[in-house]
Amino acid sequence: MSTYLLVHGAWHGGECWARVVPTLTAAGHRVFAPSLTGHGDKAHLLGPDVGLDTHVDDVVALIADEDLTDVVLVGHSYAGLVVSSVANRVPDRVGHLVYLDAMVPRDGESAADVQPVTQMLIDRALASESGWRVPPLPELPPPHGLFGVTDAADLAWLRTMLTDQSVRCFQQAVRLDNPAAQAVPRTHIHCVADVPEGIVRRPVPAAERVWRLPTGHDCMITMPAELAGLLLALG
């Protein structure tokens, strides 16, 4: 039995994994898919002080509270920053890092460093009436859709779970200064269909595995069975 900890990206909540979790649990594994502070069932906690460090604390606390070890830690999109930082904090608890179409930071980098297009979102939030709220990205014309989701029913479901993000999440930098974290195996899953303009993807080190899914960014919604199959191959 393996333990999977699935961490959603910006604007989403833990519910986005609902189509993936049953396949993993049916195979006999433990699965955790929490909502980070300010999202999902914790949306009421959103505020200007919520940042990347808050979300790292969320995941580290869950690992400690549940006494999890040898965790397959999956970070989608923005959560690549979160899981990198978690592995830096508790490398002895993480058995495998999975970057799911995710930001892959270097020490001292923020989301804007990894994906420069994020700076535009930061600037707009700072200039807005609230001064800190970053609303979900707008739906784009086909084939991009909303986070790569284009099916009408899927879009309706996705919209129910999207909430604003605190700009601090994109401003805070990761700290990756623990040598022990470098020993944690890493796998990258890239969603390669219809990547929007402005999105960059860094080269993956030769020692790290790369898998690809022929779908848009929110593959847990559009290709849940295929994603679950890849994750099971790591368990």
Side-chain angles (χ1 to χ4, degrees), residues 5-12 36-39 46 48-61 63 71-94 96-127 131-137 147 164-192 195-211 217-218:
L5 206 172
L6 313 177
V7 186
H8 65 80
W11 303 291
H12 292 59
L36 301 174
T37 296
H39 302 282
L46 184 66
D49 294 333
V50 172
L52 172 62
D53 291 347
T54 312
H55 293 159
V56 175
D57 289 343
D58 289 341
V59 179
V60 170
I63 291 173
V71 175
V72 179
L73 183 58
V74 182
H76 178 242
S77 194
Y78 152 80
L81 305 176
V82 178
V83 299
S84 296
S85 300
V86 171
N88 190 73
R89 292 259 298 270
V90 289
D92 56 315
R93 299 297 188 110
V94 180
H96 205 110
L97 269 178
V98 181
Y99 291 95
L100 179 57
D101 218 37
M103 298 183 182
V104 184
R106 304 182 184 98
D107 184 32
E109 288 188 326
S110 69
D113 296 311
V114 183
Q115 285 289 352
V117 68
T118 308
Q119 187 60 51
M120 176 182 65
L121 304 178
I122 294 172
D123 293 342
R124 288 178 179 174
L126 295 176
W132 61 273
R133 285 183 175 271
V134 183
L137 296 178
F147 298 102
D164 289 354
Q165 190 89 5
S166 170
V167 70
R168 192 170 176 82
C169 298
F170 299 141
Q171 292 174 308
Q172 286 188 319
V174 299
R175 174 182 289 183
L176 306 178
D177 57 357
N178 188 342
Q182 299 307 311
V184 177
R186 297 158 194 251
T187 293
H188 303 254
I189 302 176
H190 292 167
C191 300
V192 296
V195 178
E197 184 179 354
I199 299 299
V200 297
R201 183 172 284 143
R202 289 175 167 173
V204 176
E208 299 176 12
R209 175 169 41 193
V210 179
W211 289 331
H217 187 55
D218 274 7

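Positions are given from 1, in the same order as the sequence printed here.
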Quiz item: Where do Ser77 and Gly9 come nearest, in terms of heavy atoms and distance?
Solution: CB-CA, 4.3 Å

Quiz prompt | From Val74, Leu36, Leu81, residue fulfilling side-chain contact (heavy atoms from CB on, under 4.5 Å) relative to Val7 | solution = Leu36

Practice problem: May I ask you to decide if the ring planes of His76 and His12 are parallel, tilted or perpendicular, using 30° and 60° as cut-offs? | Solution: perpendicular

Quiz item: Could you give the distance from NE2 (His8) to CG (Leu100), rounded to the nearest 0.5 Å?
Solution: 13.5 Å

Self-check item: Contacts of Gln182 that satisfy side-chain contact (heavy atoms from CB on, under 4.5 Å) - sequence neighbours left out
Solution: Arg186

Quiz item: Is a side-chain N or O of Asp123 found less than 3.5 angstrom from the main chain of Met120, in a donor-acceptor match?
Solution: no

Practice problem: Find out whether Val94 and Leu5 are in side-chain contact, i.e. whether some heavy atom of one side chain is under 4.5 Å from a heavy atom of the other. | Solution: no

Practice problem: Determine, step by step, whether Leu73 and Val59 satisfy the side-chain contact (heavy atoms from CB on, under 4.5 Å) criterion, reporting the C-alpha distance in whole Å, the side-chain angles of both residues, the deciding distance to 0.1 Å, and the verdict. | Solution: CA-CA 10 Å; Leu73 183 58; Val59 179; 4.2 Å; yes

Quiz item: Where is the tightest heavy-atom contact between Leu46 and Ser166, given as atom of each residue plus distance?
Solution: CD1-N, 3.9 Å

Quiz item: Any donor and acceptor pair, going by atom type alone, linking the side chain of Gln165 with main-chain N or O of Trp11 inside 3.5 Å?
Solution: yes

Self-check item: side-chain contact (heavy atoms from CB on, under 4.5 Å) evaluation trace for Val72 with Val98
Solution: CA-CA 7 Å; Val72 179; Val98 181; 4.0 Å; yes

Practice problem: Please name the pair of heavy atoms, one in His39 and one in Asp164, separated by the smallest distance, quoted to 0.1 Å. | Solution: CE1-O, 3.3 Å

Quiz item: Is the side chain of Asp101 donor-acceptor paired with the backbone N or O of Cys191 at a distance under 3.5 Å, no angle test?
Solution: yes

Quiz prompt | Spacing of CG belonging to Leu121 relative to CG belonging to Leu137, to within rounding of 0.5 Å | solution = 6.0 Å

Quiz item: Taking all non-hydrogen atoms of both residues, which atom of Val200 and which atom of Gln115 are closest, and how far apart?
Solution: O-NE2, 2.5 Å

Quiz prompt | Sole residue of Thr187, Val204, Val104 in side-chain contact (heavy atoms from CB on, under 4.5 Å) with Tyr99 | solution = Val104

Self-check item: Pair Asn88, Ser85: side-chain N/O donor-acceptor within cut-off below 3.5 Å
Solution: no

Quiz item: Considering all heavy atoms of both residues, which atom of Ala87 and which atom of Leu97 are nearest to each other, and what is their separation?
Solution: CB-CD1, 3.8 Å

Please tabulate, one pair per line, all N/O donor-acceptor pairs under 3.5 Å involving side-chain atoms of residues 167-176, not counting sequence neighbours.
{"residue": "Gln172", "atom": "OE1", "partner": "Leu52", "partner atom": "N", "Å": "2.9"}
{"residue": "Gln172", "atom": "OE1", "partner": "Asp53", "partner atom": "N", "Å": "2.8"}
{"residue": "Gln172", "atom": "NE2", "partner": "Asp53", "partner atom": "OD2", "Å": "3.4"}

Self-check item: Glu208/Arg202 salt bridge by N-O under 4.0 Å criterion
Solution: no

Exercise. Please report the closest heavy-atom contact between Ala180 and Pro91, naming both atoms and the distance.
Key: CB-CG, 3.8 Å

Exercise. Begin with the C-alpha distance, continue with both residues' side-chain angles, and end with the deciding distance and a verdict on side-chain contact (heavy atoms from CB on, under 4.5 Å) for Val86 and Arg93.
Key: CA-CA 9 Å; Val86 171; Arg93 299 297 188 110; over 6 Å; no

Self-check item: Those residues that, when tested against Asp92, pass side-chain contact (heavy atoms from CB on, under 4.5 Å) (two or more places apart)
Solution: Val90

